[in-house]
Amino acid sequence: MARDVLWMFLKCFGNAAIVLLVAPLCHGVMRRITARIQSRQGPPLLQPYMDLLKLLGKEDIESGESPVMQRLAAYLAMSSALVVACLVPMGVASPMSRAADVIVLIYLLALCGICTLFAGLAAGSTYSLIGISREMMTMIALEPLLVIALVIGAIHMRSFQLDRVLGGSVYAIGGVPWSGLIILVVMIFAFQAFVQRVPFDTAEAETEIMEGPLMEYSGPKLALFKYAQMCRLVIHCALFVSLFVPFGSTLPFPFGWLVFWMKIFVLILAVTLVAATHARYRIDQAIRYFAAMMVVAFGALVLASFGM
Amino acid sequence: MIARERLNQFREKFGDAIERADLTGETRVFIFVRPSALKPICQHVSQELGARYVISIGADDRPYSGKFLIAHDFAFDRVDLLCSVLAYVPPQNPTVESISGVVPAANWAEREIMDMVGIKMLGHPYPKRLVVPDGWPDGVYPLRKDFAWNQAPQGFDDEREFKFDDPPEGCVVVPFGPFHPTLDEPAHFRLYVEGEMVRGCEYRGFMVHRGIEKLAESVLSYNDIPVMAERICGICGCVHSVTYAQAVESATGLEVPPRAQYIRTIMLEIERLHSHLLWVGLAGHVLGFDTLFMQAFRIRERIMWMAEKITGNRKTYGLCVVGGVRRDITPELKDELVDVLDTLQTEWRAVVGAVLKDRNIQKRTSGVGIADAALVKQAGLIGPMARAAGVEIDCRRDHPYAAYNKIEFEVVTERGGDVWSRLLVRAKEVFQSIRIIRQCLEKMERGPIEEKIADLLPVGRIGLSSVEAPRGECHHFIITGENNRPRRWRVRAPTYQNLQGVPMMIKDQSLSDMTIALASIDPCFSCTDRLETIDLISGVKRVWSPGIENLIGCKKG
Amino acid sequence: MSLLSKAKEAIICLKAGRVTLGYPAEARPAPTNFRGRPIFDPTKCIGCAGCANNCPAGEILIFDVCQEIRVLHYLGRRCTYCGRCADVCPEKAITMSQDFETATDQIGDLQQHLELFMSTCQRCGRCFKEPSPLEQLKLKGYRADDLENQRVILRSEAYLGNEPVVDDINIELD
């Protein structure tokens, strides 16, 4: 029993460590590819690590209306991201699958978004309030899509357990998995918004509202937020891969593990290409887009409940 | 001759209100009237004759005629005529009737006259301070001749604050600027926002006012001024130096040699090329589309290198002197320029072809920041703003200058009046500029590039000049003077006029559209402001507006 | 269709390749016509002060220590590299070099200090022909080592000190 617990701890720690190590590298790859598309050289691949180190070394300034909430929001951002990392399978089975189920995952993902809300409220300036109102509108329109995907998987597997749902469960019925395919298409189209990249990064539109919720952040707290954002990118990619593209992950270690990370890399490449070639959408245009996606996703849910 | 006909028409209608009229050529009319007749004449010119308002100028003429001088400049675009209605105002308690009631486009110009020269405008609808900083003492007017250029006024009040208007009901105040990532230069738009919709705004600018006009009157000489004029703006420098030189040449009757005219035309069009490419990139950046930004700048870089090879600098060409230009275009440079233009045309054609069908960009720019033909006419908007609304005005065709009367080109217009139309107008004007440069290079004749000036320039002559900058019409007014420098020099940059239309453009639009709508007028606040810090040779620097901290301090509500 | 135009845009970008230059690791000299830092040649300068009179920024200072000695001091702080001094100079003593990498924290690095030995024109005292009425020179005499035109030089008691004309600007960095 103790050995199991110890093993679980080690796996959690491993997951979190992998995410922490790899997230800045993924971010660096994104920046480099974006630069090449823009005909320029781009920063070195390890630049995000150096950026985070630089930020950590700066003076820790407390500013905004509520410095306490500012600090707590930064801690919450990082910690919620790492907890979700422990729940998501990263090439190996999810470490905490017996400790939590899909519902907890959904709520923890929502918590990641809430910490941006806290950050904006802590700053209290007009621009950050506009930013968090946009962030909340986006979350309200977007989270249900992921929920529907997970619920479809749960319906097919007749269980909410993490390791059963996060294993390509959306396809897990006999015959052609219509609901699975439909929700796959929906998620592909909405994925850019989950990872908060152009054309759906309205909440942090730099040129319009000066970074919005993160306006008052600098130094180590900003490092935590930025790191959390990078981790969320990797985590969302891992979720997508586990839910929709699980093929090959059942190969024995290390092949399954390598295949998993290659899929993540391909997904990041796709995200970068779309981000580099699009302009940012306005919030009302984005919400309309998500609403359309939601209608289709509901259709998929209905199909799933009928066993299709 | 149109000018003489117009003058005769005025004489018939207004008879003895006209004290004197000068016809300094076929394209310039100066009508001196009694101060009381200024408003009716301006109303007649603007409303009945349909002329476009350009600028109003206030000058302190007391050392010469004992009075103040007011001038209102109008442009008759269809007939290539620039007309100025002037009046001498008695020096004790100088007052005239404001024309802003009948010519709404004159709003800022009159406020500036009130601030800088101290002529009161009776009946001005919004007589708030425009140019001078908050703490500036009342009753001190910088552009008067008794105020030295390096004088610090007594009674500058650090604590005095600017009183903003009250926002309309239900609106939150969102301060946009003076520091904002989108703005290259400081400007303050105090937006009144309801939810995500902008319901109104108040503009405060003139934070980079540099006192150029005062320096030109006091310290610089005729050929020093073009070097400073090209630094009025960070992008359209050549335009200001050419306009100034043309104004002096028009005032003094100097003929510029044909080769110099062609060279000026070529450099003006090169400047238009780089400015429009820069703008398209900037629009992309504001929309979050950084790739378009990078590509536009990559394509533009060759023009900058070419300009550096021809003139010695990428942007501040140092091109003009009064009477000609300083550097010639050699045959090797001409060949290189032709190559650069060919490459540019191919690359830009590919980009425009891709962007035209791009629905992603169109969604952000169609129907945004609409300035229709009615607003254009009312506010006197110019340049691509006007052409995108279907109002076909272009100084190169309407008031030909330099070598434009020998060149064929099209005036590009669109009908939409929104940001997308402006983007199309600017993108297509690039091709027209390339066409113009090619024609100039072929038609350029050999000859001198500078007119030999034998005597001192005559004194007290008035000159007007309008040049089509990339942003619109740039207009300079000059009165020549003694000591090798002008008596009064007034710069009207195109953004000065276009900014006055922005509050109407962004009304009832989403907040996210504010930045792209503002960027679509291609604002050049440095052109508009013309200064605040006065540098002395002794190294003392004074900054006149500590009130800026108050502006940044606007946080919530 | 938007996807097609995005694809076209992507192709434009990728065809262009990488355009980043290696500057400053790789030197990138300015073209020959470039207007860089002006260099004053003391051997050619006749002390007419045309450059000082026609500098828009007022960065060239002239003062006469005594009848024979004129000091020309180029401050170089607000010089806009316009090249008016080079245009006006009757002796072509000023060249606009291609030097643009002039950042320094010692203002003295940019200053150029010329001490010129002057002589007076015997006939009129002073005369230089100006290129145009808009370009005025300050009217003073000829160089003393111009032997053909040498005239009597009055001895003077004045001497040139070692103090700099303009102090270095001290910028305190935290």
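Per chain, numbering begins at 1; letters A, B, ... match sequence-line order. Predicted model, so just to flag it, every value in this text is computed and none were measured.
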So, does B:Arg298 use its side chain to make a donor-acceptor pair with the main chain of C:Cys13 at under 3.5 Å?
-> no

Are the side chain of C:Asn33 and the backbone of B:Gly312 linked by a donor-acceptor contact shorter than 3.5 Å?
-> no

[X] versus chain C, heavy atoms under 4.5 Å apart: side chain, backbone, both or neither?
X: B:Gln295; result: side chain
X: B:Arg485; result: neither
X: B:Val351; result: both
X: B:Leu292; result: neither
X: B:Arg326; result: side chain

Say you draw a straight line from [atom1] of [X] to [atom2] of [Y]; how long is it, rounded to the nearest 0.5 Å?
X: C:Leu21; Y: B:Glu301; atom1: CG; atom2: CD; result: 8.0 Å
X: C:Glu9; Y: B:Lys357; atom1: CD; atom2: NZ; result: 12.0 Å
X: B:Ile361; Y: C:Lys6; atom1: CD1; atom2: NZ; result: 5.0 Å
X: C:Phe100; Y: B:Asn313; atom1: CZ; atom2: CG; result: 11.0 Å
X: B:Tyr222; Y: C:Asn54; atom1: OH; atom2: CG; result: 14.5 Å
X: C:Ser5; Y: B:Gln362; atom1: OG; atom2: CD; result: 9.0 Å

Are B:Met228 and C:Pro56 side-chain neighbours, meaning at least one heavy-atom pair lies under 4.5 Å?
-> no

Can you tell which of C:Met96, C:Lys8, C:Glu59, C:Arg35 has the highest number of heavy-atom pairs within less than 4.5 Å of chain B?
-> C:Arg35

Identify the heavy atoms of B:Arg231 and C:Thr80 that sit nearest to each other, and give their distance.
->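 Between these two residues, the closest heavy atoms are NH2-O, 3.0 Å.
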
